[in-house]
K.L.:
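Handing you this structure, nothing more for now.
Quick note: numbers below take in every heavy atom, side chains included, and nothing from hydrogens, waters or symmetry partners. So you know, we letter chains A, B, ... as the sequences are listed, proteins then strands, and number each from 1.
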Number of protein chains: 2
Amino acid sequence: MTTLSEENYLKTIYHLGQQGTIAVSTNAIAEKIESKASSVTDMVKKLADKNLANYVKYQGVSLTNLGRLTAASVIRKHRLWEVFLVEKLHFSWDEVHDVAEQLEHIKSLKLVNELDAFLGFPTHDPHGDPIPDKNGNYTLSKSINILQMEVGSQGVLVHVKDSSDVFLKYLNKTNLALGDAIKIMDFEPFDGSMIIQTNSNTINISKEVAKNLYLSH
Amino acid sequence: MTTLSEENYLKTIYHLGQQGTIAVSTNAIAEKIESKASSVTDMVKKLADKNLANYVKYQGVSLTNLGRLTAASVIRKHRLWEVFLVEKLHFSWDEVHDVAEQLEHIKSLKLVNELDAFLGFPTHDPHGDPIPDKNGNYTLSKSINILQMEVGSQGVLVHVKDSSDVFLKYLNKTNLALGDAIKIMDFEPFDGSMIIQTNSNTINISKEVAKNLYLSH
DNA sequence: ATATTTTTTTAGGGGTGGCTAAAAATGAGT
DNA sequence: ACTCATTTTTAGCCACCCCTAAAAAAATAT
Ligand SMILES: [Mn+2]
Ligand SMILES: [Mn+2]
Ligand SMILES: [Mn+2]
Ligand SMILES: [Mn+2]
């Protein structure tokens, strides 16, 4: 049985290292999880003892198959709960993350499977992230970052990389939402900013913002 | 902010001591929570430090107003989640308790209030226990224990005192469910057993079972 | 190649929440 | 009132998960 803390580490390693396949440094984990490298070293040893991670001193951490499956299960729960909160309980997409961080650790196979069915087997969460199936598998939709698109081309916003409430509140303020049709009007090489047009208005977005917006092919 | 463990202690003290109003012994708490009296002493000091409990050495523990409110909030969440699991996710009443034990500790005021609304503001959980409102208040329905009823009288099963899965599975097996009309056919003074009749059949129940069945006035 | 900086691990320690065993207080029986 | 059994607390310990500071290894610069 995995603890809450172990599950958070597994998720972090999964996200940092291509589903946990490539080794990540203790420092990188510490930064993401907002702890210290020494704490990470301790935990990573425990994960290795439990056959959840591969750990070689000074050479970083990756996940075992078991670790990967466990991480995917937590991520599956996180994203299903986010859908539940938005679709059924009137949460907006910037309010769900903290609650989902708690709910993702609830242990009940029946609960997650029934929830999945109750929600109509959703494939993506409110931020456009794919929901892994029971085996931890998902097909990544072939969206592309808005910075790679040609001026004059169009697409639909299907994914935001950053799910922090501060970023999502910014998008709310500028009236950008998942599903919006977007046309690239101009790109400024000096600072990487863009001018984009939605159904409702034309706005200027910084490169920082653009990095997080993904449109359907 | 209360921890998961603190919340479980508060709930236990609340249940053992008439909403926490009368002092309960460390031993009683230890037995209910399946820990040891020495562990309870430690925790109870912490609860007193946090102004959640009144504790006088060797004289047991009761709850402060804050402690009572916190306990009621946890119980509210427990029972709302039980309703959710049964009404929306096809759980049966003997499957909900362990999952609700986990879900009751999720911290989000918006979540519990939206859940309440989503469920249509239920007043009772799947075992007939009342759901406290936001202020911790509830009206106890005036059901009576089946052992107090006259032979020949009738009532509707509205509450089961024991919510353990082993007891509920027994009721399932004998085809007894909340809402069933029940007629008392006979009472045996020797062992306190009863013969009762439902719509579907006539059954003999032991005193142990009868103690846990409450019928509407 | 060697020195310096950066990264990572180890050593030692703190808070929480549990335990056992010993000591202290309480309560009952005579 | 005093003894004995029971209840409760205290003392000391452990696992978990985090920390800071020091040591060790690795990476980088000269
Ligand atoms: Mn999230
Ligand atoms: Mn998400
Ligand atoms: Mn319950
Ligand atoms: Mn219940």
Side-chain angles (χ1 to χ4, degrees), chain A residues 1-14 16-17 20 22-63 67 70-71 74 98 101-102 104-107, chain B residues 1-14 16-17 20 22-63 67 70-71 74 98 101-102 104-107:
Chain A
M1 190 63 24
T2 48
T3 67
L4 187 148
S5 190
E6 286 167 357
E7 290 181 353
N8 284 335
Y9 275 89
L10 290 175
K11 244 190 4 169
T12 302
I13 298 167
Y14 184 96
L16 286 176
I22 66 170
V24 296
S25 74
T26 50
N27 255 352
I29 297 167
E31 190 182 346
K32 197 70 177 281
I33 226 164
E34 292 185 298
S35 68
K36 295 297 149 77
S38 56
S39 305
V40 174
T41 302
D42 284 352
M43 177 56 86
V44 144
K45 285 177 182 171
K46 190 148 57 112
L47 294 177
D49 285 348
K50 289 194 174 188
N51 191 32
L52 293 163
N54 310 115
Y55 169 59
V56 183
K57 259 191 200 180
Y58 296 105
Q59 284 175 231
V61 202
S62 61
L63 297 182
T70 307
V74 175
D98 290 350
E101 282 296 315
Q102 300 177 62
E104 71 188 5
H105 303 291
I106 303 292
K107 286 171 174 54
Chain B
M1 189 65 20
T2 48
T3 68
L4 186 146
S5 192
E6 287 166 358
E7 290 181 354
N8 284 335
Y9 275 90
L10 290 175
K11 244 189 3 167
T12 301
I13 299 166
Y14 184 96
L16 287 176
I22 65 170
V24 296
S25 74
T26 50
N27 255 354
I29 297 167
E31 189 182 346
K32 197 73 178 279
I33 225 163
E34 293 184 296
S35 68
K36 296 297 151 77
S38 56
S39 305
V40 174
T41 302
D42 284 351
M43 177 56 85
V44 145
K45 285 178 184 170
K46 190 147 58 107
L47 294 177
D49 285 347
K50 288 193 174 189
N51 191 32
L52 293 163
N54 309 116
Y55 170 59
V56 183
K57 262 191 198 181
Y58 295 103
Q59 285 174 229
V61 202
S62 60
L63 296 183
T70 307
V74 175
D98 290 351
E101 281 296 316
Q102 300 177 62
E104 71 188 4
H105 302 291
I106 302 293
K107 286 170 174 55

K.L.:
How many whole angstroms separate atom CD of A:Glu34 from atom P of D:dC18?
P.N.:
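Distance, rounded to whole Å: 12 Å.
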K.L.:
Whole Å only: how far is the CD1 atom of B:Ile29 from the P atom of D:dT8?
P.N.:
9 Å
K.L.:
Rounding to a whole Å, what distance do you find between B:Leu4:CG and D:dC16:C1'?
P.N.:
15 Å
K.L.:
Taking the side chain as everything from C-beta on, heavy atoms only, tell me whether A:Lys107 gets closer than 4.5 Å to B:Asp98.
P.N.:
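Sidechains of B:Asp98 and A:Lys107: no contact.
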K.L.:
Could you check how far CD of A:Gln59 sits from P of D:dA26, rounded to whole Å?
P.N.:
8 Å
K.L.:
Can you tell me the distance, in whole Å, between the CG atom of A:Asp49 and the P atom of D:dA15?
P.N.:
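After rounding, the gap between these two atoms is 14 Å.
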K.L.:
Is the phosphate of D:dT20, meaning OP1 or OP2, less than 4.0 Å from a side-chain N or O of A:Lys36?
P.N.:
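Affirmative; the distance criterion is met.
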K.L.:
Is the phosphate of D:dT10, meaning OP1 or OP2, less than 4.0 Å from a side-chain N or O of B:Lys45?
P.N.:
yes
K.L.:
Between A:Tyr58 and A:Tyr9, which is nearer to the 5' end of DNA chain D once each is assigned its nearest nucleotide?
P.N.:
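Nearest nucleotide further toward 5': that of A:Tyr9.
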K.L.:
For D:dT9 and B:Thr26 - does any side-chain N or O of the residue sit under 4.0 Å from the phosphate oxygens OP1/OP2?
P.N.:
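Yes, because at least one side-chain N or O of B:Thr26 sits under 4.0 Å from OP1 or OP2 of D:dT9.
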K.L.:
Categorize B:Ser35 for me: base, sugar-phosphate, or nothing, with a 4.0 angstrom heavy-atom threshold over every strand shown.
P.N.:
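Sugar-phosphate only.
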K.L.:
Figure out the CG/C1' separation between A:Asp42 and C:dT10, and round it to whole Å.
P.N.:
9 Å
K.L.:
OP1 or OP2 of D:dC18 versus the side-chain N and O atoms of A:Ser39: is any pair under 4.0 Å?
P.N.:
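No, A:Ser39 has no side-chain N/O under 4.0 Å of OP1/OP2 on D:dC18.
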K.L.:
Take the protein atom CG of B:Asn27 and the nucleotide atom P of D:dT9, then report the distance between them rounded to whole Å.
P.N.:
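The answer, rounded to whole Å, is 9 Å.
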K.L.:
Ignoring backbone atoms, establish whether A:Thr41 has a side-chain N or O less than 4.0 Å from OP1 or OP2 of C:dT10.
P.N.:
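Result: no.
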K.L.:
Just how far is it from atom NZ of B:Lys11 to atom NE2 of B:His105, taken to the nearest 0.5 Å?
P.N.:
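These two atoms lie 5.5 Å from each other.
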K.L.:
For C:dT10, take OP1 and OP2 only and decide whether either is under 4.0 Å from a side-chain N or O of A:Lys57.
P.N.:
yes
K.L.:
So, OP1 or OP2 of D:dT9: does either fall under 4.0 Å of a side-chain N or O from B:Tyr55?
P.N.:
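Yes.
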K.L.:
Using whole Å, what does the distance between atom P of nucleotide C:dT8 and atom CE of A:Met43 come to?
P.N.:
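In whole Å, C:dT8 P lies 18 Å from A:Met43 CE.
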K.L.:
Within a strict 4.5 Å, meaning less than it, do heavy atoms of the A:Leu47 and A:Tyr55 side chains meet?
P.N.:
no
K.L.:
Considering only heavy atoms from C-beta outward, does the side chain of B:Leu10 approach that of B:Val74 to under 4.5 Å?
P.N.:
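When only atoms from C-beta onward are counted, B:Val74 and B:Leu10 do not touch, as no gap falls below 4.5 Å.
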K.L.:
What about B:Ser38, does its side chain sit under 3.5 Å from the base of C:dT20 through a donor-acceptor pair?
P.N.:
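In this structure, the two groups form a donor-acceptor pair.
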K.L.:
Quick check: closest heavy atoms across B:Ser5 and B:Met43, and the distance to 0.1 Å?
P.N.:
OG-CE, 3.4 Å
